[in-house]
Protein chains: 2
Amino acid sequence: MENDKDYRAILKQGGLKYTKHRALILSVLGESSQPVGAGEIFLRLQTAGAGTNLSTVYRTLDTLASKGLVIKTNIASDTKALFELNTMEHKHHLICIGCKKMFSVDGCPIEEYEEQIGKREGFDVTGHKLEIYGFCKECKAERK
Amino acid sequence: MENDKDYRAILKQGGLKYTKHRALILSVLGESSQPVGAGEIFLRLQTAGAGTNLSTVYRTLDTLASKGLVIKTNIASDTKALFELNTMEHKHHLICIGCKKMFSVDGCPIEEYEEQIGKREGFDVTGHKLEIYGFCKECKAERK
DNA sequence: ATTCATGCAAACGGTTTGCACGCAT
DNA sequence: ATGCGTGCAAACCGTTTGCATGAAT
């Protein structure tokens, strides 16, 4: 809401028309520290009083993703898709097996490796995804 | 089929009864160089003349995975689950954006990193997943 | 004999689509 | 004015579940 200007700019940058829903969805993603599912986005829009529709949310996320403004992920062994703002900062995630929360970590240990492996296998590498699994502080404590 | 003994042993090792379907599903996974979806496994069993049922395939894969005999994965931005034999060798995958094929690569560049990051974030790390995206030789050629 | 795996059919959750209407440029 | 975004309802696909039957130890 407050940063409406920002979302206008982001949309323009992606060559997309400004619409209320797109801005709202971007703001939901922007306010979240973790990737969010379509359903949850829909819920937050509802409770925020924005009359909207699940399929609109899906369609919007699709177009945002196709312009590279958001990133579509999913954590292993879960079938539903998650979305996050594409901040352009290269990040990886720590994923708690217990509570399913995701924590972002900056930095990347495998840039050179990526290059090597591409050469070795004849691959034109465009990116990668690294997820680290384990138990977060809280779940670690509960577990013993 | 030919290595039926092996699958018997694998099942025993997981503390599971031997059944025809389990052995067949293990053999399908064993013959595949890439992770396979439940639907495709079902199809292969059908064409192999084994009367079976999709839900049996799902249930079997679940129990195999729960015993650590197979691994359940999924590639980013696709929602359907894939399964592969757990060979115990630590592997990662090269995934072609063009044809969606996955190629296994041995070795792991981030074992030490994993440890560091766990300490830094108070995480009890149990594993990780690394996927490298790009275009394989063939798709690279087609693309230009 | 008992426990556990299987087939079938039906339910389910997340996601996609066709169509008519409404909004942004 | 035109094209694109939206709402609604229905379809869709992968996956899960309840129940009765069949097989493995």
Side-chain angles (χ1 to χ4, degrees), chain A residues 4-5 7-26 28 35-46 48-67 69-70 72-83 100, chain B residues 4-5 7-26 28 35-46 48-67 69-70 72-83 100:
Chain A
D4 200 44
K5 293 272 167 49
Y7 300 122
R8 275 202 138 81
I10 293 178
L11 287 169
K12 181 153 277 177
Q13 171 196 333
L16 293 174
K17 270 192 210 170
Y18 172 92
T19 76
K20 197 178 53 175
H21 294 94
R22 285 174 181 174
L24 283 170
I25 288 177
L26 285 173
V28 168
V36 196
E40 190 176 338
I41 294 174
F42 174 62
L43 273 186
R44 293 205 200 165
L45 294 191
Q46 294 263 74
T52 193
N53 186 281
L54 229 201
S55 44
T56 300
V57 172
Y58 275 107
R59 277 191 281 227
T60 303
L61 288 169
D62 258 13
T63 60
L64 292 174
S66 74
K67 298 300 180 184
L69 301 180
V70 314
K72 186 175 181 180
T73 353
N74 48 219
I75 76 177
S77 80
D78 191 1
T79 63
K80 79 165 182 285
L82 300 176
F83 301 84
K100 298 285 161 77
Chain B
D4 201 44
K5 294 270 167 49
Y7 300 123
R8 274 203 139 81
I10 294 179
L11 288 168
K12 181 153 277 177
Q13 170 194 335
L16 292 174
K17 269 193 211 168
Y18 172 92
T19 76
K20 197 178 54 174
H21 293 93
R22 286 174 181 173
L24 283 171
I25 288 176
L26 285 174
V28 168
V36 196
E40 190 175 338
I41 294 173
F42 174 62
L43 272 185
R44 294 204 200 167
L45 294 192
Q46 293 264 73
T52 192
N53 186 281
L54 229 198
S55 45
T56 300
V57 173
Y58 275 107
R59 277 191 281 229
T60 302
L61 288 168
D62 258 12
T63 60
L64 293 174
S66 75
K67 299 299 181 184
L69 302 180
V70 314
K72 186 175 180 180
T73 355
N74 49 220
I75 75 177
S77 81
D78 191 0
T79 61
K80 81 164 180 288
L82 300 176
F83 301 84
K100 299 285 164 75

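Order of the sequence lines fixes the chain letters, A, B, ..., with proteins taken first and strands second; residue numbering starts at 1 for each chain.
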*Supply the atom-to-atom distance A:Leu26 CG to A:Ile10 CD1, rounded to the nearest 0.5 angstrom.*
5.5 Å

_Length of the CZ-P vector between B:Phe42 and C:dT6, whole Å_ = 14 Å

*What pair of heavy atoms forms the shortest contact from B:Ala81 to B:Lys72, and how long is it?*
CB-CE, 3.7 Å

*Would you kindly give the NZ-to-C1' distance between A:Lys72 and C:dT15, to the nearest whole Å?*
8 Å

*Where does the chain B footprint on DNA chain D start and end, counting 5' to 3' with a 4.0 Å heavy-atom cut-off?*
D:dG14 to D:dT25

*Is there a donor-acceptor pair under 3.5 Å between the side chain of A:Arg22 and the backbone N or O of A:Lys17?*
yes

*Who pairs with A:Asn53 by side-chain hydrogen bond (donor to acceptor under 3.5 Å, both in side chains), at least two apart in sequence or on another chain?*
A:Ser55

_Where B:Ala50 and B:Leu24 come nearest, the two heavy atoms and their spacing_ = CB-CD1, 3.6 Å

*Using the C1' atoms of five pairs at each end, what's the angle between the two axes of the helix from C:dA1-D:dT25 to C:dT25-D:dA1, to 10 degrees?*
40°

_Could you work out, with side-chain contact (heavy atoms from CB on, under 4.5 Å) as the rule, every residue matching B:Tyr58, not counting sequence neighbours?_
B:Ala38, B:Leu54

_Between C1' on C:dT6 and CG on B:Leu45, what's the gap in Å once rounded to a whole number?_
13 Å

*May I ask you to evaluate whether B:Thr56 reaches the phosphate of C:dA5, defined as a side-chain N or O under 4.0 Å from OP1 or OP2?*
no

_Partner residues of A:Lys67 under the side-chain contact (heavy atoms from CB on, under 4.5 Å) criterion, sequence neighbours left out_ = A:Leu16, A:Leu69

_What is the distance, to the nearest angstrom, from the CZ atom on A:Phe83 to the P atom on C:dG14?_
13 Å

*Over how many whole Å does the gap from A:Leu82 atom CG to C:dG13 atom C1' extend?*
15 Å

_Rounded to whole Å, please give me the gap between CG in B:Leu54 and P in C:dA5._
18 Å

*Which pair of non-hydrogen atoms, one from A:Thr52 and one from A:Phe42, has the smallest distance, and what is that distance?*
O-CE1, 3.5 Å

*Give one of base, sugar-phosphate or nothing for A:Gly51, where a contact means two heavy atoms less than 4.0 Å apart.*
sugar-phosphate

_For the student: nearest non-hydrogen atoms of B:Thr63 and B:Thr60, plus distance_ = OG1-O, 2.9 Å

*asked:* Generate the contact string for nucleotides 18-25 of chain C. Rules: B means base contact, S means sugar-phosphate contact only, - means no protein heavy atom under 4.0 Å.
replied: B-----SS

_Heavy-atom pair of closest approach, residues B:Leu11 and B:Thr19_ = CD1-N, 4.3 Å

*Please report the closest heavy-atom contact between A:Lys80 and A:Asn74, naming both atoms and the distance.*
O-CB, 3.7 Å

*So what does A:Gly39 touch, heavy atoms closer than 4.0 Å: a base, only the sugar-phosphate, or nothing?*
nothing

